[in-house]
K.L.:
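Below you will find the structure I want to go over with you.
Hydrogens, waters and symmetry mates play no part in the numbers below; they use all other heavy atoms, side chains included.
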Amino acid sequence: MNSTYILGHRAVTRLGYGAMQLAGPGVFGPPRDRDAALAVLRAVVESGVNHIDTSDFYGPHITNQLIREALHPYADDLVIVTKVGAMRGSDGSWNPAFSRDELTRAVQDNLRNLGLDVLEVVNLRAMFDVHGPAEGSIEAPLTVLADLQRQGLIRHIGVSNVTAAQIAEARRICRVACVQNHYNLVHRADDALIDDLARDGTAYVPFFPLGGFTPLQSSALSDVAARLGATPMQVALAWLLRRSPNILLIPGTSSVAHLRENLAAATLNLPEDAMAALDAIAGAPAAH
């Protein structure tokens, strides 16, 4: 069963869907197969998932336009989360877009391309380092989003690719609905942060749920998967769901078959010895 957790003020399925892979190679340009991309989005909603993560800088514009074509008018319970703070260069590069004009335009682009009057959740993607969190003030861009929230264009604000200090800074400006950072079986820099957020009732949304495995670590995961008759991705997702109740997952895929495999992770039971083996991949037990 795909359990739920509160995101903003809405209950969303803990195993959601990330739309990034629906764009072309390098998250740039149109998909190789537009009909297949639309079919995946429709299958997401038909399977009961009501949390879709996207951004207008995926493509750019492509994934939001696909979501609108496939799913508009949207079901009442569907929560579409988007992201601002970056823009794409003509060469596909990812560049910071933190000025008031850039952020306002990004929100307007998301509204237009999704066909919405208000965005349910907007994450600010910190861009001090494209590859991971780095310190730097996010007060100015978050103040812009808080202004747009007061104007009624945004319901809830989240932060992405951030440090604990930046989350504390954000909370002085607005209520933080969610944190979206890099976290998985191996990359566990946010272990303490996840537990702190869980105590506050704040959702944590890990990206790259399988990223960064070395062959040795991958083989350890594969051993558990083989024993349970599951795929490594299913086991990795199931571990994350077990890790903490405030974790919301947004695995992406451009394949309906792969989508169904991912969603099956919600029903995968990990026995204690499997959890111990998975915890040991990173060298230290995690709280459950």
K.L.:
Do Tyr183 and Tyr17 sit in the same hydrophobic cluster, where Ile, Leu, Val, Met, Phe, Trp and Tyr count as joined when their side-chain heavy atoms come under 4.5 Å apart?
P.N.:
yes

K.L.:
Just one of Val81, Ile62, Thr63, Leu66 clears the side chain to side chain contact (heavy atoms under 4.5 Å, CB included) bar with Thr54, so which one?
P.N.:
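Option passing the side chain to side chain contact (heavy atoms under 4.5 Å, CB included) with Thr54: Thr63.
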
K.L.:
For Ala11, does its backbone N or O pair with a side-chain atom of Asp77 as donor and acceptor, under 3.5 Å?
P.N.:
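Not at all, since once roles are kept as given, no pair shorter than 3.5 Å links the two residues.
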
K.L.:
The criterion is side-chain hydrogen bond (donor to acceptor under 3.5 Å, both in side chains); which residues satisfy it with Asp200, sequence neighbours excluded?
P.N.:
Arg171

K.L.:
Could you tell me if Ser244 and Asn246 have a donor-acceptor pair between their side chains, going purely by distance under 3.5 Å?
P.N.:
yes

K.L.:
With a 3.5 Å distance limit and no angle check, can you tell me whether Arg68 reaches the backbone of Arg112 through a side-chain donor-acceptor pair?
P.N.:
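Between the backbone of Arg112 and the side chain of Arg68 there is a qualifying donor-acceptor contact (under 3.5 Å).
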
K.L.:
Donor-acceptor pair, distance only, cut-off 3.5 Å: does the side chain of His72 make one with the backbone of Gly115?
P.N.:
yes

K.L.:
Give a yes or no on whether the backbone of Pro206 and the side-chain of Asn181 come within a donor-acceptor separation of less than 3.5 Å.
P.N.:
no

K.L.:
For Met20 and Phe207, run side-chain contact (heavy atoms from CB on, under 4.5 Å): C-alpha distance rounded to whole Å, both residues' side-chain angles, the deciding distance at 0.1 Å, then the answer.
P.N.:
CA-CA 11 Å; Met20 185 172 74; Phe207 55 79; over 6 Å; no

K.L.:
Which atom pair, heavy atoms only, marks the closest approach of Leu153 to Gln108?
P.N.:
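Smallest heavy-atom distance, with atoms named: CD1-NE2, 3.8 Å.
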
K.L.:
Please determine whether the number of non-hydrogen atoms from other residues, nucleotides or ligands lying under 6.0 Å from atom CG of Asp117 exceeds 12.
P.N.:
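At most 12 heavy atoms, drawn from other residues, nucleotides or ligands, come within 6.0 Å of this atom.
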
K.L.:
Any sub-3.5 Å donor-acceptor pair from Thr104's side-chain atoms to Asp101's backbone N or O?
P.N.:
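Not confirmed, Thr104 side chain does not pair with Asp101 backbone.
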
K.L.:
Mark yes when over 12 heavy atoms from residues, nucleotides or ligands other than Met87 sit less than 6.0 Å from its CE; otherwise mark no.
P.N.:
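Check fails, neighbour count at 12 or below.
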
K.L.:
Checking side-chain polar atoms at under 3.5 Å, does Asp279 have a donor or acceptor matched by the opposite partner on Trp239?
P.N.:
yes

K.L.:
Of all heavy-atom pairs between Asn95 and Gly89, which one has the smallest distance, and what is that distance?
P.N.:
ND2-N, 3.5 Å

K.L.:
I'd like to know if the side chain of Arg243 and the backbone of Asn184 have a donor-acceptor N/O pair within less than 3.5 Å.
P.N.:
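Such a contact is absent between Arg243 side chain and Asn184 backbone.
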
K.L.:
Same cluster or not: Phe128 versus Leu124, using hydrophobic residues (I, L, V, M, F, W, Y) connected whenever any side-chain heavy atoms lie under 4.5 Å apart?
P.N.:
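Yes, Phe128 and Leu124 fall within the same hydrophobic cluster.
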
K.L.:
Show your working on salt bridge (charged side-chain N to carboxylate O under 4.0 Å, His left out) between Arg260 and Glu46 and close with a plain yes or no.
P.N.:
CA-CA 11 Å; Arg260 291 183 176 133; Glu46 288 164 3; 5.7 Å; no

K.L.:
Evaluate side-chain contact (heavy atoms from CB on, under 4.5 Å) for Leu193 paired with Ile167, printing each intermediate quantity in order.
P.N.:
CA-CA 10 Å; Leu193 176 61; Ile167 295 168; 3.7 Å; yes

K.L.:
Which pair of heavy atoms, one from Ala238 and one from Leu268, lies closest together, and at what distance?
P.N.:
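That would be CB-CD2, 3.9 Å.
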
K.L.:
Residues sharing Phe28's hydrophobic cluster, by side-chain heavy-atom contacts under 4.5 Å among ILVMFWY, directly or via others?
P.N.:
none

K.L.:
Ignoring hydrogens and geometry, is there a side-chain-to-backbone donor-acceptor pair from Gln180 to Val162 under 3.5 Å?
P.N.:
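Side chain of Gln180 to backbone of Val162, a donor-acceptor pair under 3.5 Å: no, none is there.
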
K.L.:
Is there a side-chain contact (heavy atoms from CB on, under 4.5 Å) between Arg88 and Asp91? Walk through the geometry before answering.
P.N.:
CA-CA 8 Å; Arg88 306 302 291 279; Asp91 59 352; over 6 Å; no

K.L.:
Looking at Glu139 and Glu169, would you say the former's side chain and the latter's main chain have a donor-acceptor pair under 3.5 Å?
P.N.:
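No, the answer is negative, given that no donor and acceptor are paired below the 3.5 Å cut-off.
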
K.L.:
Taking side chain to side chain contact (heavy atoms under 4.5 Å, CB included) as the criterion, tell me which of Val121, Thr4, Leu7 meets it with Val12.
P.N.:
Leu7

K.L.:
Can you sort out the partners of His131 under side-chain contact (heavy atoms from CB on, under 4.5 Å), two or more places apart, ordered by chain and number?
P.N.:
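Testing His131 for side-chain contact (heavy atoms from CB on, under 4.5 Å), a comparison that skips the adjacent residues, returns Asp129.
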
K.L.:
Answer yes or no: is there a donor N or O on one side and an acceptor on the other, between the side chain of Asn2 and the main chain of Leu15, under 3.5 Å?
P.N.:
yes

K.L.:
Between Ser55 and Asn110, which heavy-atom pair has the shortest distance, and what is it?
P.N.:
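Closest pair (atom of Ser55, atom of Asn110, distance): C-OD1, 4.0 Å.
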
K.L.:
If I compare all heavy atoms of Leu114 with all of Ile80, which pair ends up nearest, and what's the gap?
P.N.:
CD1-CG2, 4.0 Å

K.L.:
State whether the side chain of Arg242 and the backbone N or O of Leu270 hold a donor-acceptor pair below 3.5 Å, judged by distance alone.
P.N.:
yes

